[in-house]
Amino acid sequence: MSLLKVEQVSKVYSNNFAALQGVSFQIRKGEVVGIVGESGSGKSTLTKLILGHESYKKGCISFNDQPIPPKKRSDVRSYRKNIQMVFQDSSNALNPKLPIGISLLEPLKNFKDFTPSYMPPGRYTNREKAERLLEMVGLDNKMVDRYPDELSGGQKQRVCIARAISIEPALLVCDEATASLDVSVQVHIINLLKTLQKTLQMSILFISHDIRAVTHLCDTILVMKKGCLVDNFQLNDLYAPERHTYTKALLQAAML
Ligand SMILES: Nc1ncnc2c1ncn2[C@@H]1O[C@H](COP(=O)(O)OP(=O)(O)OP(=O)(O)O)[C@@H](O)[C@H]1O
Ligand SMILES: [Mg+2]
């Protein structure tokens, strides 16, 4: 069943620049989809449309068969819960004045009626929930009282991932979430996303300019160029002759 459906979506900014042109694809439940493309190809614009941060006039985006942005107020809450985001800049994403254990629990505070499946049945304090989330992303639970500037970039990104998955979204959108990290740290974060995807059975939309990172994580790969989706294939078909010339060029440039 498709979770997210993007059909013939175009986006023209107020300066008449066409950032997206007739983009169509789907994400099924539990599927990990990567979008790769050069800077300015429209990847973040697409993210903004999916999150409802930018409007669009042409085409249709739907999530769980409901239009995005939702028309009914009652659908807004479910949409907000079920699509969570991890951005490139983890430093800006965390409030420097708050211990990470507090920042981490913001989504759970907003969705008080949600019962996390990652806590065994029982009653828990906020601190215990924060400690469990830190463990899930491979951090020491004693870090709960630390402030963002006492963490490395990779650790901060793990905290952002923990916060995003705390309410078990159906779809996790990662826009260049590994781009600012050292290559070795990138691999750890990608492996973490793989593990969390399996544990929580969520779908992931992983956006990157780095085709190598995308091939490490994703089952389905979409390639964007100048606002258009030029290729859409399964990882197994990475080297198939019918790949778009631009995909082949990206593979060659990455020495894959
Ligand atoms: N608010 C805006 N108004 C006008 N043009 C915009 C706006 N936001 C983005 N653009 C333009 O749309 C194009 C796509 O931008 P977008 O941020 O989606 O690219 P991207 O693929 O995410 O690039 P990067 O890899 O550098 O993050 C760019 O040419 C950008 O300058
Ligand atoms: Mg971008």
Side-chain angles (χ1 to χ4, degrees), residues 4-27 32-61 63 68-69 83-94 153-154 156-157 160-161 164 169 171-183 185-187 189-190 193 203-218 220-233 243-256:
L4 181 81
K5 234 188 232 177
V6 176
E7 294 168 283
Q8 288 299 319
V9 168
S10 297
K11 168 70 185 173
V12 179
Y13 282 114
S14 53
N15 59 357
N16 277 335
F17 180 78
L20 295 174
Q21 300 179 55
V23 171
S24 300
F25 68 94
Q26 296 190 18
I27 301 181
V32 183
V33 174
I35 299 187
V36 66
E38 63 198 358
S39 181
S41 56
K43 305 181 299 296
S44 295
T45 299
L46 188 57
T47 311
K48 287 176 195 160
L49 263 51
I50 292 170
L51 293 169
H53 295 169
E54 281 282 357
S55 62
Y56 59 98
K57 290 202 178 101
K58 267 196 189 162
C60 173
I61 305 180
F63 184 76
I68 288 181
I83 306 185
Q84 291 294 310
M85 182 80 205
V86 180
F87 294 97
Q88 175 171 353
D89 187 356
S90 56
S91 299
N92 270 344
L94 296 169
K156 273 187 273 199
Q157 199 55 300
C160 291
I161 293 171
L171 175 66
L172 182 69
V173 181
C174 305
D175 188 354
E176 300 284 5
T178 57
S180 320
L181 306 171
D182 278 359
V183 173
V185 182
Q186 284 185 19
V187 173
I189 296 286
I190 286 174
L193 289 171
S203 306
I204 298 181
L205 178 58
F206 183 81
I207 291 159
S208 176
H209 61 274
D210 177 3
I211 195 162
R212 193 177 283 269
V214 169
T215 57
H216 275 142
L217 179 68
C218 305
T220 303
I221 300 175
L222 314 177
V223 181
M224 285 189 69
K225 190 179 184 205
K226 293 184 179 161
C228 298
L229 202 65
V230 296
D231 216 348
N232 179 346
F233 55 95
R243 287 289 60 76
H244 192 278
T245 41
Y246 181 60
T247 311
K248 289 178 184 166
L250 287 177
L251 288 169
Q252 206 175 11
M255 291 196 282
L256 283 174

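Ligands are counted one by one from 1 in listed order, and the atoms in each one are counted from 1 as well.
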*Output the list of atoms in ligand 1 that are nearer than 4.0 Å to some heavy atom of S41, sorted by atom number.*
19 (O), 21 (O)
*asked:* I'd like to know if the Mg ion (ligand 2) has an N/O/S atom from S44 within less than 2.8 Å of it, counting both backbone and side-chain atoms.
replied: yes
*Backbone, side chain, both or neither: what part of N15 comes under 4.0 angstrom of ligand 1, heavy atoms only?*
side chain
*Nearest protein heavy atom with distance in Å, relative to atom 9 (C) of ligand 1*: Y13 CE1, 3.3 Å
_Heteroatom proximity flag, K43 to ligand 1, N/O under 3.5 Å_ = yes
*asked:* Does the protein come close to atom 18 (O) of ligand 1 - that is, does one of its heavy atoms sit below 4.0 Å from that atom?
replied: yes
*Could you see which bit of H209 sits under 4.0 Å from ligand 1, with heavy atoms only: side chain, backbone, both or neither?*
neither
*Hey, which atoms in ligand 1 end up nearer than 4.0 Å to a heavy atom of G42?*
14 (C), 18 (O), 19 (O), 20 (P), 21 (O)
*Can you sort out which atoms of ligand 1 are near F17, meaning under 4.0 Å from one of its heavy atoms?*
11 (C), 12 (O), 13 (C), 29 (O)
*Counting each atom of ligand 1 from 1 as listed, which ones have a heavy atom of T45 under 4.0 Å away?*
14 (C), 15 (O), 16 (P), 18 (O)
*Please work out which of S14, S39, G40, S208 has its closest non-hydrogen atom nearest to atom 26 (O) of ligand 1.*
S39
*Considering all protein heavy atoms, does one lie under 4.0 Å from atom 30 (C) of ligand 1?*
no
*At a 4.0 Å threshold, what atoms of ligand 1 neighbour a non-hydrogen atom of S44?*
17 (O), 18 (O), 20 (P), 22 (O), 27 (O)
*For ligand 1, which part of M224 has a heavy atom less than 4.0 Å away: the side chain, the backbone, both, or neither?*
neither
